[in-house]
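Written below as structure tokens is the structure these notes are about.
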Protein chains: 2
Amino acid sequence: MFSKTTEYALRAMAHCGEAQRAGKGTQTAEVIAERTGVPVAYLGKVMQALRRAGLLQSQRGAGGGVRLSRSADEILVFDIVQAVDPIERILACPLGLEAHKHRLCPLHAKMDAALAMVEESFKNTTLAQVLESGGTFGPPTEVAGSN
Amino acid sequence: MFSKTTEYALRAMAHCGEAQRAGKGTQTAEVIAERTGVPVAYLGKVMQALRRAGLLQSQRGAGGGVRLSRSADEILVFDIVQAVDPIERILACPLGLEAHKHRLCPLHAKMDAALAMVEESFKNTTLAQVLESGGTFGPPTEVAGSN
DNA sequence: CCTGAATCGGACATTTACATCTGATATACG
DNA sequence: CGTATATCAGATGTAAATGTCCGATTCAGG
């Protein structure tokens with residue numbers, strides 16, 4: 001349902017968010033990879049996409065790394081997902097039927113409704129909200145209700 | 001988000017459901033493929049999975065084909081999806097963190113919640129309900145609210 | 001200015017999903 | 001029984017997602 005790339009992107013962003021909260025500076029790909037369990041070379045690709053989407057800022061050279069380009073409460077889970085593996089809503093009939101040009105058939109309407117729910121759910125949650133509910137990687141910092 | 005295989009399976013089942021409603025008998029793979037726009041050879045594979053899941057009955061030889069193995073109102077959209085490309089809920093921490101063994105971190109809890117919503121949506125809809133809302137392939141038979 | 005650290009970007013390899021092909025098997029019908 | 005019609009099942013081919021590698025570039029610090 002969700003691609004590995006999406007998983008990786010969310011983990012990487014969560015890590016950077018936690019680092020930002022802890023007052024740490026830029027994070028190197030190596031550290032993020034180790035902490036998030038993402039293959040370091042592939043993580044580079046994923047982070048490139050996040051950078052191009054304006055979610056991460058990078059600094060080359062010694063002492064460099066990446067950090068969130070804006071506050072975690074200004075980043076939606078939806079933004080992260082769209083940056084690497086966009087949810088594609090069903091806007092037109094996949095079969096190209098003329099009769100369904102202006103109104104999807106019930107089948108595709110149903111499928112699109114599911115996509116819409118997920119999209120909405122991700123638009124309604126910021127990265128900060130995810131982090132505030134408890135630690136994503138380290139041991140849990142508090143016991144809070146999920147979701 | 002949804003695989004092509006899932007799309008194909010839903011289309012094939014929708015076609016068989018419409019055929020059943022229209023009082024037609026078994027449908028050949030060739031006819032289904034033509035109507036649903038699914039590659040005929042690949043459709044064979046998809047239908048095998050549907051048959052093994054007990055959703056389709058097949059009849060070999062001349063005059064053969066496939067038909068729904070039970071009434072369309074006893075088949076959930078969920079059943080079809082699970083038969084070919086199951087929704088895999090996040091039950092355990094993908095990172096294998098001991099601390100998250102009994103409670104997912106907020107990130108994965110959020111992702112699983114999205115999966116749960118989709119799963120629930122598909123469990124709450126029968127194939128019959130999808131068909132009753134209007135034709136899936138032919139021109140629309142009535143104008144009804146979607147979903 | 002040199003060296004080590006780190007990202008960047010493209011090329012390449014691997015794995016999985018998608019699709020096709022072919023022979024085997026089962027069935028209706030003459 | 002023979003033939004045409006279908007599915008069945010395995011082998012194979014192709015495309016896309018995932019993962020790796022390496023040289024180029026950038027930058028801090030001595």
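Letters go in sequence order (proteins before strands), and every chain restarts at 1.
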Tell me whether the side-chain N/O atoms of [X] come closer than 4.0 Å to OP1 or OP2 in [N].
X	N	answer
B/T5	C/dC18	yes
B/K4	C/dA19	yes
A/T28	C/dA5	no
B/R67	D/dT7	no
A/Y42	D/dA17	no

### Query
In terms of ring plane angle, is the pair B/Y8 and B/Y42 parallel, tilted or perpendicular, where the classes change at 30° and 60°?
perpendicular

I need the [atom1]-[atom2] distance between [X] and [N], as an integer number of Å.
X	N	atom1	atom2	answer
B/Q59	C/dA28	CD	C1'	10 Å
B/R60	C/dA28	CZ	P	13 Å
B/M1	D/dA16	CE	P	21 Å
B/Q48	D/dT7	CD	C1'	8 Å
A/D85	D/dG19	CG	C1'	16 Å
A/R51	C/dC8	CZ	P	4 Å
B/L43	D/dC8	CG	P	11 Å
A/F2	D/dA17	CZ	C1'	17 Å

Tell me the closest heavy-atom pair linking [X] and [Y], and the distance in Å.
X	Y	result
A/L55	A/A83	CD1-CB, 4.1 Å
A/L131	A/A72	CD1-CB, 4.5 Å
A/M111	B/F2	O-CE1, 3.8 Å

### Task
Give the nucleotide from the list C/dG9, D/dA11, C/dC18 with an atom nearest to the side chain of B/S3.
C/dC18

### Query
What nucleotide among C/dA19, C/dG9, C/dA5 has an atom nearest to a side-chain atom of A/A62?
C/dA5

### Task
Remember a base hit wins even if backbone is also touched, and classify A/E30 as base, sugar-phosphate or nothing at under 4.0 Å, heavy atoms.
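No contact at all - A/E30 keeps every heavy atom at 4.0 Å or more from the nucleic acid.
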
### Message
Let me confirm one number: the CD-CD distance from B/E88 to B/E119, rounded to the nearest 0.5 Å.
### Response
11.0 Å

### Message
Can you work out whether A/G61 or B/Y8 has the more 5'-proximal nearest nucleotide on DNA chain C?
### Response
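By nearest-heavy-atom nucleotide position, the 5'-most residue is A/G61.
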
